[in-house]
Number of protein chains: 2
Amino acid sequence: MRLPTVEDVARTARVSRQTVSNVINTPARVKPATLLRVQAAIRELDYRPNQSARRLRQQKSATIGIRLDPQLNGISGAVLDRFLHSLTEQATERGLRVLLFTAATPTEEIDQIRALRDGADVDAFVLTATFDHDPRPEWLIEQKIPFVTFGRPWGIDDLNDPQHRWVDVDGRRGVYAATLSLLDAGAERVAWIGWPPPTATGDDRRSGWEDAMRERLGLGDAELASLCTEVVDDVAEATNAVANVLAGAVLPDGMVCASDTLALGALIAASTAGRRDIPIIGFDDTPVAAALGISSVEQRLDQVAAGALALLLGPVGDSVVASGALDVAHRLIEPALVLRRPQDLPMFNPSRIDGTAAADKH
Amino acid sequence: MRLPTVEDVARTARVSRQTVSNVINTPARVKPATLLRVQAAIRELDYRPNQSARRLRQQKSATIGIRLDPQLNGISGAVLDRFLHSLTEQATERGLRVLLFTAATPTEEIDQIRALRDGADVDAFVLTATFDHDPRPEWLIEQKIPFVTFGRPWGIDDLNDPQHRWVDVDGRRGVYAATLSLLDAGAERVAWIGWPPPTATGDDRRSGWEDAMRERLGLGDAELASLCTEVVDDVAEATNAVANVLAGAVLPDGMVCASDTLALGALIAASTAGRRDIPIIGFDDTPVAAALGISSVEQRLDQVAAGALALLLGPVGDSVVASGALDVAHRLIEPALVLRRPQDLPMFNPSRIDGTAAADKH
DNA sequence: ACCTAGAATTTGAACGATCAAATTTCTGAC
DNA sequence: GTCAGAAATTTGATCGTTCAAATTCTAGGT
């Protein structure tokens with residue numbers, strides 16, 4: 001059977017098409033009595049506006065597009081997926097749809113975006129994984145296509161370009177807080193296990209550790225360098241590297257890592273070296289960290305998603321994508337420190353197998 | 001500036017609207033010379049059909065909907081995300097879009113589906129995480145909404161209902177193969193570390209182990225039971241449970257687990273007990289397993305996604321969702337056994353830290 | 001040269017909503 | 001009771017495409 005249209009509702013409620021439309025879109029314009037009558041008719045017929053027709057007329061889709069990376073990027077790969085979850089949830093609440101697409105290269109992504117945009121499928125885009133000299137933002141600005149990036153623009157000047165709206169997690173502050181927490185607990189030689197520079201996010205995170213160590217302990221460059229280990233993001237490599245550190249002359253009494261992958265490697269190395277007492281803090285708060293009781297810095301992706309939508313729609317939450325002129329074109333989200341106690345895990349204290357860590361489950 | 005329409009292309013190529021439409025949708029109907037002329041015009045104007053208009057006219061959206069679970073389900077949580085990746089990729093190749101939505105309960109999901117369907121936003125749905133007495137398939141069949149589930153219907157009779165199209169991974173066969181591989185390598189007392197029944201997938205997986213042990217070793221129920229450990233899906237709990245097993249009278253010489261989470265627990269327990277020689281195989285081939293070198297059974301999610309789309313669209317790959325009457329309404333995908341050598345990992349051989357496991361990276 | 005079947009193309013209408021402008025109804029002041 | 005102005009409602013046009021039917025063109029047989 002045919003689905004009901006405005007026409008059907010109008011006939012049932014004895015009003016015109018347009019009044020039905022007004023009831024749905026601008027109820028304030030309709031006299032209360034009429035409003036009720038039309039709403040009753042809508043319920044009676046179980047009417048739902050046809051979105052395609054609405055979009056055709058309005059030249060809007062109320063849909064945001066986001067690219068889903070094909071790459072399966074190890075332990076931390078789920079971060080973008082978690083972001084996607086939050087984004088979808090909050091977009092749905094705001095009456096927006098989320099459309100996925102894939103692309104292998106930035107160029108291909110641009111093609112896809114153009115196709116989706118010209119086809120009137122998508123109003124605005126969320127970009128993830130920004131990188132140095134990313135061509136995408138510039139192109140989008142040129143085309144006047146609304147967008148927001150998860151990740152700040154790493155090319156130098158653009159940080160405050162109001163045309164480039166972005167949300168990011170303040171990795172520096174997260175690592176800063178993590179380092180301070182170890183120093184507060186009495187540590188004096190907190191090591192940094194990071195990635196080989198230059199990596200935009202990696203360098204940013206390390207600066208948090210550097211700042212904390214400088215401020216609290218007054219360390220200089222040489223001392224910092226001696227506490228800093230650089231290794232690619234791989235468990236085995238990290239294990240190897242940290243094992244070397246632990247076999248060296250200056251033993252760290254705490255380790256802050258650029259990722260949970262590195263933290264896991266550090267944990268294995270420390271455990272192997274019989275130094276299960278050294279506190280370790282990772283980054284991303286992945287399921288692995290949770291499962292193993294590793295402390296970590298959590299990116300608050302729900303806040304990132306909320307910020308992204310707010311920048312796209314305006315903070316109020318209009319259900320239509322507007323080119324809202326906002327005071328601030330970006331948001332820097334403060335991450336949360338999640339402290340766990342790996343030393344309570346059976347892996348390290350065989351004598352105390354009691355399932356304590358299970359309490360961490362939610 | 002206004003985007004070009006069929007009208008503009010028609011004028012440029014000196015043909016009618018409909019011919020332009022034919023060039024795009026049924027090129028076979030157009031004389032070669034005209035075809036070329038129109039295609040040139042399309043390129044010249046950089047014309048792209050407006051999807052909203054097309055959808056309005058055709059009453060089709062070429063979009064499939066899938067619900068994104070809000071739950072963050074531990075180490076194996078990424079499985080559905082990986083499926084989503086594959087699905088998006090292959091859907092894009094077939095000219096389909098993937099639209100996300102969220103819902104907290106099955107009832108809410110049904111509401112969302114209805115809204116998306118009535119709004120002509122989505123043609124067909126992919127359901128994940130089917131469960132016992134799932135109300136969704138029945139409702140969708142009633143409403144004649146095309147759908148396919150990832151996960152077979154666990155209510156008894158429906159397995160062969162041609163109206164319910166489904167794709168699933170043959171967990172039984174995966175575990176069967178895993179068990180055989182250990183037996184082939186000389187093991188004789190392969191233990192099963194699984195979840196407490198009844199869990200549909202868990203019981204299915206265990207049956208693979210049972211079958212292999214029965215066939216190869218002629219074991220009876222009692223012997224099987226003595227090799228079977230049941231524990232909830234948590235690393236610490238699993239560690240605890242497996243530690244007890246290893247402290248018992250009958251030592252297993254191999255372990256097959258219902259999940260990577262359990263496998264990780266088993267690995268920790270074995271390591272702690274000094275039994276790093278016992279081979280362990282998990283399930284899901286999560287990033288964790290890859291990072292730690294744990295062998296596992298991989299769900300081939302690209303094949304699952306391909307199967308799901310094939311069932312929805314017909315195997316040929318028409319770009320329009322058809323109610324294709326297929327010979328088979330379901331696909332059971334055979335998983336792949338991924339063998340790694342955890343005994344080579346530094347965690348277990350401190351003397352051989354050489355990064356061998358890094359070779360596992362792709 | 002004529003006719004015809006089929007191929008190729010065009011025309012008018014429709015999909016279901018909203019916009020912009022026109023019309024009717026209501027309200028309150030004089 | 002009249003009238004201006006606001007409020008409420010209706011009307012006609014339109015968004016860009018494809019469907020269905022009508023028309024024109026082409027090739028082949030007689």
Side-chain angles (χ1 to χ4, degrees), chain A residues 1-39 41-42 45-63 95 115-121 123 319-320, chain B residues 1-39 41-42 45-62 95 115 117-121 123 319-320:
Chain A
M1 200 198 68
R2 210 176 99 277
L3 287 172
T5 72
V6 265
E7 200 86 45
D8 300 318
V9 176
R11 206 177 309 115
T12 304
R14 304 192 196 199
V15 292
S16 67
R17 295 190 312 274
Q18 186 58 39
T19 299
V20 176
S21 175
N22 285 336
V23 166
I24 292 168
N25 300 301
T26 47
R29 230 177 257 165
V30 180
K31 189 161 64 173
T34 318
L35 192 67
L36 288 175
R37 195 149 38 90
V38 174
Q39 283 171 336
I42 289 178
L45 301 180
D46 195 23
Y47 164 78
R48 282 163 219 278
N50 180 307
Q51 298 299 331
S52 293
R54 184 201 288 255
R55 287 204 278 265
L56 171 59
R57 184 63 246 236
Q58 296 192 141
Q59 305 284 58
K60 293 209 171 119
S61 65
T63 301
L116 289 171
R117 163 69 179 197
D118 289 354
D121 266 324
D123 289 332
S319 68
V320 178
Chain B
M1 199 200 68
R2 211 175 99 278
L3 289 171
T5 71
V6 264
E7 200 85 45
D8 300 318
V9 177
R11 206 176 310 115
T12 304
R14 303 192 200 196
V15 292
S16 68
R17 294 189 313 274
Q18 186 58 39
T19 300
V20 176
S21 176
N22 285 335
V23 167
I24 293 169
N25 300 301
T26 46
R29 230 177 256 165
V30 180
K31 187 161 65 173
T34 319
L35 192 68
L36 287 175
R37 194 148 38 90
V38 174
Q39 283 171 336
I42 289 178
L45 300 180
D46 196 22
Y47 163 79
R48 281 163 220 277
N50 180 307
Q51 299 299 332
S52 293
R54 183 199 288 252
R55 285 205 278 266
L56 172 59
R57 183 64 246 231
Q58 298 194 139
Q59 306 284 59
K60 293 212 171 115
S61 64
R117 164 69 179 196
D118 289 353
D121 266 323
D123 289 331
S319 68
V320 177

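Quick note: numbers below take in every heavy atom, side chains included, and nothing from hydrogens, waters or symmetry partners. Order of the sequence lines sets the chain letters (A, B, ...), proteins ahead of strands, with each chain counted from 1. A quick note: this is a predicted structure, and the numbers were derived from the prediction, not measured.
One axis for each end of the helix from C/dA1-D/dT30 to C/dC30-D/dG1, each built from five base pairs, and the angle between them comes to 50° at 10° resolution.
Under the salt bridge (Lys or Arg N to Asp or Glu O under 4.0 Å) criterion, A/R48 pairs with A/D46, B/D118, sequence neighbours left out. Remark: A/R11 pairs with A/D8 by the salt bridge (Lys or Arg N to Asp or Glu O under 4.0 Å) rule, at least two apart or across chains.
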- Message: I'd like to compare against my own output: the B/S/- annotation of nucleotides 13-19 of chain C with a strict under-4.0 Å heavy-atom distance to protein.
- Response: BBBBBBB
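Taking CG of A/L56 as the start and CD of A/Q51 as the end, the distance is 12.5 Å to the nearest 0.5 Å. Between the CZ atom in B/R55 and the CG atom in B/D121 there is a gap of 7.0 Å [rounded to 0.5 Å].
Listed for the B/D123 side chain is a donor-acceptor partner under 3.5 Å among the backbone atoms of B/S61.
Among all heavy-atom pairs drawn from A/S16 and A/A10, the shortest one is C-CB, 3.7 Å. A/L45 approaches A/P4 most closely through the heavy-atom pair O-CG, 3.5 Å. Between A/A120 and B/S52, the shortest heavy-atom distance links the atoms O-OG, 3.6 Å.
Nearest-nucleotide assignment on DNA chain C puts the 5′-proximal partner with B/R37, out of B/R37 and A/K31.
Between B/V6 and the options B/N50, B/T19, B/V20, a side chain to side chain contact (heavy atoms under 4.5 Å, CB included) holds for only B/V20.
First and last contacting nucleotides of DNA chain D toward chain A (any atom under 4.0 angstrom from a heavy atom, 5' to 3' order): D/dA8 to D/dG16.
The stretch residues 24-36 of chain A participates, sequence neighbours left out, in these side chain to side chain donor-acceptor pair (under 3.5 Å) pairs: A/S21-A/N25, A/N22-A/T26, A/N25-A/R54.
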